[in-house]
Amino acid sequence: MRTTMTGPGRARAAAAVAGAILVAGCGGAVQPGAAMPAAPSAPAPTPTAFGKEAALADLAAATAAAGLPGGTTPPSPTPPASPDPADPPATDRERARDEVEARMAACGVGWSSPNGPGSAQERAEARKRFHAALAGLVERGWKESRPTEEVALGKGSMVMVQYKKQEWTLHARHFESGLLGMATMTATEDACANRFTDAELDLLED
C-alpha cells in the first residue's frame with residue numbers, strides 16, 4: 001500500500017538562549033550584591049533520525065515482550081538465490097518483477113510468526129499475544145493511522161491494522177484459517193516506497 005507524506009521535516013536546529021549579564025565599570029567588574037551571570041542554556045539535542053535499525057528494534061522488542069514466536073528480517077534484503085539451471089529462463093516481466101521486489105524489500109523491515117497447526121487454545125493465545133505486541137508498538141511511539149479491521153477469508157479471518165511513526169508506515173496482519181495461524185508486521189519507509197511507479201507496483205500484483 002502506498003502512503004504519501006507531505007509537509008516539512010521534523011528536525012529543527014535548537015535556538016540558543018542568551019543570559020543577561022550585569023556588568024558595571026571598566027574591566028567588567030560585577031557590582032557588589034548584583035546577581036551572578038546566568039550560565040548559558042545548553043542547546044536542545046537534535047532529534048535522531050528514525051531509520052531501519054530503529055524500526056527493526058521496535059518490532060523485535062514489541063513481539064518479544066508479548067511472547068510472540070517468530071523472527072525479524074534484516075535491514076538489508078538477502079540477495080536472491082541463483083536460478084536452477086533446470087528451470088526455464090525467466091521472462092523479461094519476471095526479471096522486472098524480481099528487480100522491483102528487491103528494491104521494495106530494501107525500503108523496510110519486517111517480522112513474521114511461524115505458520116503451522118495449533119489447537120484452538122494455542123490460536124487464541126497467539127491472537128492475544130499479537131494484540132499485546134500492537135500495544136507494545138504504541139508504547140514505542142507508533143500511532144494507529146487506520147482502525148483495526150477484521151475480514152472473513154474463506155473458513156478463517158484476517159485482522160489488519162496500520163500504524164505511523166515519523167516517516168514510516170507499519171502494516172500488521174493476523175491470519176487464522178482452520179488449524180493454521182500466521183502473523184506478519186512490515187514497516188516501510190514512506191519516501192522509499194513512494195519512488196515506485198504504478199506500473200512497477202502492478203508487477204508486484206502478478
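In this chain, numbering begins with 1 at the start of the sequence shown.
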Distance check, rounded to the nearest 0.5 Å: [X] atom [atom1] versus [Y] atom [atom2]?
X      : Y      : atom1 : atom2 : answer
Gln162 : Ser145 : CD    : OG    : 3.5 Å
Thr186 : His171 : OG1   : NE2   : 8.0 Å
Ser112 : Leu68  : OG    : CG    : 11.0 Å
Arg103 : Cys192 : CZ    : SG    : 8.0 Å
Met182 : Glu176 : CE    : CD    : 11.5 Å
Glu53  : Asp58  : CD    : CG    : 12.0 Å

Shortest non-hydrogen separation from Gly108 to Lys52 and the atoms involved:
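Minimum heavy-atom contact is N-CE, 4.3 Å.
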Heavy atoms, side chains only, cut-off 4.5 Å: are [X] and [Y] in contact?
X      : Y      : answer
Thr169 : Tyr163 : no
Val100 : Phe196 : yes
Phe50  : Lys165 : yes
Val159 : Val161 : no
Trp168 : Leu170 : no
Asp190 : Lys164 : yes
Arg93  : Leu203 : yes

Set of residues satisfying salt bridge (charged side-chain N to carboxylate O under 4.0 Å, His left out) with respect to Glu144, sequence neighbours excluded
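Listed in chain order: nothing, the list is empty.
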What verdict does the side-chain contact (heavy atoms from CB on, under 4.5 Å) test give for Met160 and Thr148, after you've listed the backbone C-alpha separation in whole Å, the side-chain angles of each residue and the deciding distance to 0.1 Å?
CA-CA 6 Å; Met160 300 178 292; Thr148 301; over 6 Å; no
Between Glu200 and Arg97, does a salt bridge (Lys or Arg N to Asp or Glu O under 4.0 Å) hold up when you go through it step by step?
CA-CA 8 Å; Glu200 289 174 327; Arg97 183 179 65 244; over 6 Å; no
Hey, is the main chain of Gly70 close enough, under 3.5 Å, to the side chain of Ser113 for a donor-acceptor pair?
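No; judged by distance alone, with no hydrogens or angles, the pair does not exist.
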Residues 125-141 side chain polar contacts: donor-acceptor under 3.5 Å, at least two apart:
| residue | atom | partner | partner atom | Å |
| --- | --- | --- | --- | --- |
| Glu125 | OE2 | Arg129 | NE | 3.0 |
| Arg127 | NH2 | Glu150 | OE1 | 2.9 |
| Arg127 | NH2 | Glu150 | OE2 | 3.2 |
| Arg129 | NH1 | Gly67 | O | 2.8 |
| Arg140 | NH1 | Gly136 | O | 3.0 |

Please determine whether a side-chain nitrogen of the Lys or Arg among Arg95 and Glu99 lies less than 4.0 Å from a carboxylate oxygen of the Asp or Glu.
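No.
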